[in-house]
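Excluded from the calculations below are hydrogen atoms, water molecules and symmetry mates; all remaining heavy atoms, backbone and side chain alike, are included. Sequence lines set the chain letters: A, B, ... in the order given, protein chains first and strands last, and positions in each chain run from 1.
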There are 4 protein chains.
Amino acid sequence: MNDDSSLSRAERNRQQLRSDILQAAFIEFAERGYHQTAISDIAKRLGIGHGTFYRHFTNKRDILEHVIDDIATKIIATLEAENAPDAVTSLEAYKEQCARIANRLSDVLTANPAIARLILLEATSIDADMTKRLMNLIDWGGQLVAAYMINGVKLGYFRKDLDCQSTGHAVVGMILVCALRFLSNPNPDEQQGLAIAIQRLLVDGIAIH
Amino acid sequence: MNDDSSLSRAERNRQQLRSDILQAAFIEFAERGYHQTAISDIAKRLGIGHGTFYRHFTNKRDILEHVIDDIATKIIATLEAENAPDAVTSLEAYKEQCARIANRLSDVLTANPAIARLILLEATSIDADMTKRLMNLIDWGGQLVAAYMINGVKLGYFRKDLDCQSTGHAVVGMILVCALRFLSNPNPDEQQGLAIAIQRLLVDGIAIH
Amino acid sequence: MNDDSSLSRAERNRQQLRSDILQAAFIEFAERGYHQTAISDIAKRLGIGHGTFYRHFTNKRDILEHVIDDIATKIIATLEAENAPDAVTSLEAYKEQCARIANRLSDVLTANPAIARLILLEATSIDADMTKRLMNLIDWGGQLVAAYMINGVKLGYFRKDLDCQSTGHAVVGMILVCALRFLSNPNPDEQQGLAIAIQRLLVDGIAIH
Amino acid sequence: MNDDSSLSRAERNRQQLRSDILQAAFIEFAERGYHQTAISDIAKRLGIGHGTFYRHFTNKRDILEHVIDDIATKIIATLEAENAPDAVTSLEAYKEQCARIANRLSDVLTANPAIARLILLEATSIDADMTKRLMNLIDWGGQLVAAYMINGVKLGYFRKDLDCQSTGHAVVGMILVCALRFLSNPNPDEQQGLAIAIQRLLVDGIAIH
DNA sequence: TATGAATGAGTTTTCATTCAT
DNA sequence: AATGAATGAAAACTCATTCAT
């Protein structure tokens, strides 16, 4: 018994169209950029009148917000889908965790490169509020990573003097660079190499001990 | 005998004005964003007619290119001002090198936050070509870091199996995150903490060995 | 046996709805102005779908016409409700007549200021045809007043040389100004003062004889 | 030595264009109505690009304001051009004064019927602020007429018990009706008749004494 | 019959760019 | 060389009206 069953046919159509518009906007924004995309481009892509757009979203800005929110939600869900930080109890388990997360992110990215383009390249230049949202997302990522590290320190398989907050952010930076490089050169081998290098860096550093 | 002496007074004025326009454009783009900045805003800031702008730059896009190029040149110069990669011959020297570079970058950032804003947030959403340039800059950074690492591996103070290319990119990612966090919260302590954490991460990793 | 009894229940509902729409349109037009009122505003006020509007009126323009017609009819009825012009047979009776009419108009205005707003301010700027209607209404008012005057001249209590037509129009002007001032400042005392001054002006003029 | 002599040729051109735009807007607003007039209509009438409009006026509303202000200024100037209220010292002089003012108004109206159309029909339906301005103008007219009457009462050629304020407003109403009738039927004879009737009404009333 | 989703004509406004002075 | 007036393409947004359900 799904939610849709309780909706009228009309309402289902409405939801569908709304979702189609979101999708079309997502594609257009990612392909041409937010500023280069006119509402009429979105409408044209769907073969609807551009007035119809305004029945579902109040604004160009409004739909961007929804598009970005959707992406953020998806990213957050992807990362939180993994076990909770305190589910990891050993360095070995942590390495596996890292690998799994790397794979998940890689899958998301591969399946939908536009996500990265939109959130990393486009959304940064809308206005202060949108920038703030992105910064918050990055911050959230840092906190999440930090939580794993705090757990690792507590359980003793990470350095006692590890600055978890800062290191968390650093890790996010490395993830960002993965996404950026993927955008400019979507080569699975490079992605793979980058992922491994990051995991090695994390665990072992680069120096000889 | 400096270069200027060979230029006519008129030509010197011309060069000066051109440079002033660049500077004004830089400030406006950084403060209001590229799309939100009108050519007349730039001209107004200088107190010149906006028609004059077109005597020095062919385009709004054109001046952005020059502004970004200037920034890129400055960043590259900042990083290359340090000794060449092969001037480092020990882990200890490498650590010092890292610290020095971190300080330099931090100085540049602190002195001119607009640089980061412009290059990380604004320039990403102009068009494919501009994005490509940024990606190239990031790539260049990765190569530079990689060169140090290659040297370190050769001289034996870095892991033999270090993937220098990938790790180089990873380091760039961490630098990026420094800049981003600085933009959203320009707190010297956090910057400092981040820099230290990154250096520790690099050298020691996070795990207990 | 009233008229409604001969109508089907459905038809009565239909008439009721039509009348409700007219009423709602009247209020909206008066409150926000014709151009600022959307059909959907009218529908929303009634809680009906705005498509329904078009089952009862062909046009936005169409309903305005009906609204204005209703008002005009009401005004005409108000004024004609008084005795016919030739029912007045003395200056004294005429004065009383004037006072009664003034009171009636004042009552209508007070009860429904929107009428004045709509007919004097809004309806003037629709199109040539609507303007013509208003002019005709004003003309009709002038004729009505003139009829009283003609009667007065005939019966000898008005000047022999009275230009009844023109003076009739002049009187309408004074009534208009009452309405306008009431709109901008609905002060009963001022209304009262204006009404008295007009009646005195009419009968005695302003000069000392 | 006129003002223009101190202006540059460019500035004179600028002022001229601005004035041309005002004139064109005036005509369009009067002919088609404010709401029915697009900025591009105004530009088209002048054969200029519609962007040029915005170099001289910030808004459609803005230019309406200027058009209306110009008209109001002209009307006020026309009426104040006559001698001051206290320059009249006898009923005879007052009658002449009335006749002169009537003629002046008639001339203005005849020369430019659009003035009346714009201010009486169009400007009423823009917004509350514009309506307020018109009401103020009407009020000002009432005060001006009242000033004459106060003088007349003081000098003894008007009734002691004359309610000057209210009667002043009444007179404005009669002037309004002149303008309105002129709009719907620009017949010089009717105008003349109306003017005379009003003057007679004022001085003598309609009754037999 | 009532509904409201869809439509696109029409309007305002901005601003990069050109070019005569 | 500098200027800024003129331009019009382009874009966002509204809303009267139609019509399938």
Could you note down all residue pairs passing salt bridge (Lys or Arg N to Asp or Glu O under 4.0 Å) where residues 112-124 of chain B supplies at least one of them, sequence neighbours left out? none

Looking only at heavy atoms, which two atoms of B:Thr124 and B:Ile119 are closest? And how far apart? CG2-O, 4.2 Å

Could you tell me the separation between the CD1 atom of C:Ile68 and the OH atom of C:Tyr34, rounded to the nearest 0.5 Å? 10.0 Å

Separation of E:dA20 atom P from D:Arg9 atom CZ, nearest Å, is 15 Å

Sorted by number, residues from residues 22-34 of chain D placing a heavy atom under 4.0 Å from DNA chain E are none

Residue set satisfying side-chain hydrogen bond (donor to acceptor under 3.5 Å, both in side chains) with C:Gln23, at least two apart, ordered chain then number -> none

The Watson-Crick or G-U wobble partner of F:dA2, with both key distances under 3.5 Å, is E:dT21

Charged tip of C:Lys60 within 45° of C:Phe29 ring normal and under 6.0 Å: no

With sequence neighbours excluded, tell me which residues meet salt bridge (charged side-chain N to carboxylate O under 4.0 Å, His left out) with D:Asp69. D:Arg133

Give the C-alpha distance, both sets of side-chain angles, the deciding distance and a yes or no for side-chain contact (heavy atoms from CB on, under 4.5 Å) between C:Gln15 and C:Glu11. CA-CA 6 Å; C:Gln15 295 294 347; C:Glu11 181 58 18; 2.9 Å; yes

Donor-acceptor pairs under 3.5 angstrom involving side-chain atoms of residues 42-59 of chain C: please list them, not counting sequence neighbours.
unit_1, atom_1, unit_2, atom_2, d
C:Arg45, NE, C:Glu28, OE2, 2.6
C:Arg45, NH2, C:Glu28, OE2, 3.3
C:Thr52, OG1, C:Gly49, O, 3.2

Here the distance between atom C1' of E:dT13 and atom CD1 of D:Ile63, to the nearest Å, is 15 Å

Could you state the CG-P distance from D:Leu64 to E:dT12, rounded to the nearest angstrom? 12 Å

Atom pair distance, as rounded to whole Å: CZ in A:Arg14 and C1' in E:dT3: 13 Å

Please report, rounded to the nearest Å, how far the C1' atom of E:dG4 is from the CZ atom of A:Arg12. 18 Å

Base paired to F:dG8 (Watson-Crick or G-U; both N/O distances under 3.5 angstrom): E:dC15

Backbone N or O of B:Val67 within a donor-acceptor pair of the B:Asp70 side chain at under 3.5 Å? no

Between residues 35-59 of chain D and DNA chain E, which residues have a heavy-atom gap below 4.0 Å? D:Thr37, D:Ala38, D:Ile39, D:His50, D:Tyr54, D:Asn59

Distance, rounded to the nearest Å, where D:Lys60 contributes NZ and E:dT14 contributes P: 15 Å

